Amino acid sequence: MTMRVQPVCGEEVLAYANGIRQTYAEAFAGPPWHEDPGMADGYVERLAEDAARPGFVAAVALSRDDDMSLGRDRGRDDDGRCRSGEGGGVESVVGFATAWTTPGPFPDVRSYPRVSAALGPERTAAWLVGALEVDELALGPRARGSGLAAALLESVTGAATDGRCWLLTSMRAEPALRLYRRLGWRPAFPPAAGSDLVALLGPRHPAPRDPEPRP
């Protein structure tokens, strides 16, 4: 079995929708998320809208079983798996990442207001607006520990202008936080009492590493 990361552009990501749905359901079924499998259907529906966002980029992690489907032509099965050609086996999605450009004015939905309240309007505009925002990073169980999470993250953020990229996660997502810290991602602001929200800046983000407290 071999694995690789494939960058995809715009609506090309929708060709992998079935594999992304399955990976999403597997990745977020356990703690701390405990998402119902039906949430994966909602995510794939939203993905079609996300793919049209300015600056949208994505990558999929593909696993190939070299013993399957020998001699088949390149194509795509009904379940979204990619046949990689004669002797190439079948490739299945085992992970994915998506990102887009954070719009301005800074959004006021979902968790964004808590971020802007913690940073203040000036830092929010300077650090996050126009930066590349990682929306999802997910791996299925058989891909964990393979290095694919780091490769997916680098695939979608490597070309971020001036290294300006960021993401939101939960303090309860301890394995993910360990990964981000190991890769050099750092908190944009100290944790707030009673909140598990964490905003992280990419390792090459130009924001000061030890900013002065917000006035």
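Remember, it's a predicted structure, so these values are computed and weren't measured experimentally.
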Q | Arg181 CZ to Glu174 CD distance, which is reported to the nearest 0.5 Å | A | 8.5 Å
Q: Kindly compute the distance separating CZ (Arg144) from CD (Glu26), expressed to the nearest 0.5 Å.
A: 8.0 Å
Q: Check whether any side-chain N or O of His205 sits under 3.5 Å from a backbone N or O of Trp127 as a donor-acceptor pair, and report yes or no.
A: yes
Q: Working to the nearest 0.5 Å, report the span between CZ of Arg114 and CG of Leu197.
A: 4.5 Å
Q: Using atom types as modelled and distance alone, determine if a side-chain donor or acceptor of Arg64 lies under 3.5 Å from a backbone N or O of Ser92.
A: no
Q.
When you measure from the side chain of Asp36 to the backbone of Gly38, do you find a donor-acceptor pair of N or O atoms at a distance under 3.5 Å?
A. yes
Q: Applying side chain to side chain contact (heavy atoms under 4.5 Å, CB included), run through Leu128 and Leu201 and close with a yes or a no.
A: CA-CA 9 Å; Leu128 306 185; Leu201 304 177; 4.0 Å; yes
Q) Which atom pair, heavy atoms only, marks the closest approach of Cys165 to Ala131? A) N-CB, 4.4 Å
Q: Fit a plane to each ring of Tyr43 and Tyr24, take the angle between them on a 0 to 90° scale, and name the class: parallel (under 30°), tilted (30 to 60°) or perpendicular (over 60°).
A: parallel
Q.
Under 3.5 Å, is there a donor on one side chain and an acceptor on the other for Tyr112 and Glu133?
A. yes
Q) Are any non-hydrogen side-chain atoms of Phe106 and Leu119 less than 4.5 angstrom apart? A) no
**Q.** Nearest heavy-atom neighbours spanning Ser116 and Thr124
**A.** CA-OG1, 3.4 Å
Q: Report yes if some heavy atom in the side chain of Val8 is under 4.5 Å from a heavy atom in the side chain of Phe96; otherwise report no.
A: no
Q) What heavy-atom pair brings Leu152 and Ala138 nearest, and what distance separates the two atoms? A) CD1-O, 4.2 Å
Q. Between OG1 of Thr98 and CG of Asp135, what distance do you get to the nearest 0.5 Å?
A. 4.5 Å
Q: Please examine the side chains of Leu177 and Leu200, heavy atoms only from C-beta on, and report whether any two atoms are closer than 4.5 Å.
A: yes
Q) Nearest 0.5 Å, what's the CG-CG distance between Leu137 and Leu179? A) 7.0 Å
**Q.** Val129 backbone acceptor or donor facing Arg164 side chain under 3.5 Å
**A.** yes
Q | Between OG1 on residue Thr161 and CG on residue Leu132, distance to nearest 0.5 Å | A | 8.5 Å
Q: Could you pull out the closest heavy-atom pair between Pro107 and Thr102, with the gap in Å?
A: CD-CG2, 4.3 Å
Q | Any residue meeting side chain to side chain contact (heavy atoms under 4.5 Å, CB included) with Ser146, in chain and number order, not counting sequence neighbours | A | Met3, Ala143, Leu148
Q) Taking all atoms of both residues into account, what is the closest heavy-atom pair of Trp33 and Ala27, and its distance? A) CD1-O, 4.3 Å
(Q) Would Tyr16 and Thr23 count as a side chain to side chain contact (heavy atoms under 4.5 Å, CB included) here? Give the steps. (A) CA-CA 11 Å; Tyr16 299 93; Thr23 299; over 6 Å; no
Run the side-chain donor-acceptor check on residues 46-60: report pairs under 3.5 Å with partners two or more places apart or on a different chain.
from  : atom 1 : to    : atom 2 : distance (Å)
Arg46 : NH1    : Asp50 : OD2    : 3.1
Asp50 : OD1    : Arg53 : NE     : 3.1

Q: State which residues pass side chain to side chain contact (heavy atoms under 4.5 Å, CB included) with Pro32; sequence neighbours excluded, sorted by chain then number.
A: Arg172, Ala173
Q) How close do Leu168 and Val115 get, heavy atom to heavy atom, and via which atoms? A) CD2-CG2, 3.5 Å
Q | Non-hydrogen side-chain atoms of Val93 and Gln22 separated by less than 4.5 Å | A | no
